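Note that the structure is a prediction, hence the values are computed from the model and not measured. We count residues from 1, following the sequence as given.
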Amino acid sequence: MLQAIRDFFDATLSGNGSNGDRHTIEMATASLLVEVIRMDGEATAAERETVLRAVRAKFHLTEAEAQQLIDLAEAEARQANDYYQFTSIINRRFSQPQRIRVVALMWEIAYADLVACPFEEHLIRKIADLLHVEHRDFITAKLAARAAATRRSGSR
C-alpha cells in the first residue's frame, strides 16, 4: 500500500514546495473527504462525483489523477486508527480559511445525495473541532451546502 502511494505521488504530483509536504496534505484532505462517503454505509454516485470534483479543483489534478488519489485515500482511511493523523497535517499546512473550506467540502459531499445522515453530521462536527473551525463557520458551511443541494434538486 505505501509503495502504491509513493508511486502515485512520484508519477503524478509535482509542484511548488517540497513534494513530501504537498503529497501529505493532498492525501490527508482526500482521506477526510472520502470518509464522509463511508459514514452512512452507502456511497452514492452523487457523493463520489462530488468528491472527485472537489479533489480535482482543490489540487488541480486531471480526472485520472484525482481518481487515483481518491482510491488511495479510501484505502488510507480504511486503515487509519483515528482522524488526528489527517487533521494534524491540515492544521499545520492550511490557513484558517482553507480549513473552513475543507469542512465546507465535507458538507457538500454529505448533501450530494440531498440528505446528510446523522453519522455524516457527527463526523463533520468532529473534524471541524479537530481543525479548530468555529461553530459559526461550521453552520454557515452546512447551510450553504444544504441550500446548494436544494437548488440542484429543484433544477432537475
Revision key, fill the gap. Here the gap from Q85 atom CD to T24 atom OG1, rounded to the nearest 0.5 Å, amounts to 12.0 Å

Practice item. State the NE2-NZ distance between H122 and K126, to the nearest 0.5 angstrom. Key: 5.0 Å

**Study point:** Derivation of the ring-ring contact (aromatic ring centres under 6.0 Å, His included) call for F138 and H135
**Key:** CA-CA 5 Å; F138 167 83; H135 186 69; 5.7 Å; yes

Taking all non-hydrogen atoms of both residues, which atom of [X] and which atom of [Y] are closest, and how far apart?
| X | Y | answer |
| --- | --- | --- |
| W107 | A116 | CZ3-CB, 4.1 Å |
| Q96 | H132 | NE2-O, 3.1 Å |
| T150 | S153 | O-OG, 2.9 Å |

Check your understanding: Hey, are Q98 and R101 close enough side-chain-wise for a donor-acceptor pair under 3.5 Å?
Key -> no

Point to revise | Single hit among T29, I100, L131, I89 for side-chain contact (heavy atoms from CB on, under 4.5 Å) with F94 | key: T29

Review point. Between V103 and D137, is a side-chain contact (heavy atoms from CB on, under 4.5 Å) present by the stated rule, with each step listed?
Key: CA-CA 9 Å; V103 171; D137 296 321; over 6 Å; no

Identify every side-chain donor-acceptor pair in residues 30-39 under 3.5 Å, counting partners at least two apart or on other chains, and give the distances.
residue: S31; atom: OG; partner: M27; partner atom: O; Å: 2.8
residue: E35; atom: OE1; partner: R38; partner atom: NE; Å: 2.8
residue: E35; atom: OE2; partner: Y83; partner atom: OH; Å: 3.1

Point to revise | Path from I124 to Y84 over hydrophobic side-chain contacts below 4.5 Å | key: no

Review point. Between E26 and R93, is there a side-chain N and carboxylate O pair less than 4.0 Å apart?
Key: no

Review point. Is E74 salt-bridged to R48, going by a charged N under 4.0 Å from an acidic O?
Key: yes

Check your understanding: With a 4.5 Å limit on heavy-atom distance, are the side chains of E47 and E42 in contact?
Key -> no

Point to revise | Test log, rule side-chain contact (heavy atoms from CB on, under 4.5 Å), inputs Y111 and E120 | key: CA-CA 9 Å; Y111 280 109; E120 291 168 329; over 6 Å; no

Let me check something: any side-chain donor-acceptor pairs from residues 49-58 under 3.5 Å, sequence neighbours excluded? List them with distances.
residue: T50; atom: OG1; partner: A46; partner atom: O; Å: 2.8
residue: R56; atom: NE; partner: L61; partner atom: O; Å: 3.4

Check your understanding: Quick check: does any side chain N or O of Q79 sit under 3.5 Å from a backbone N or O of E76, one acting as donor and the other as acceptor?
Key -> no

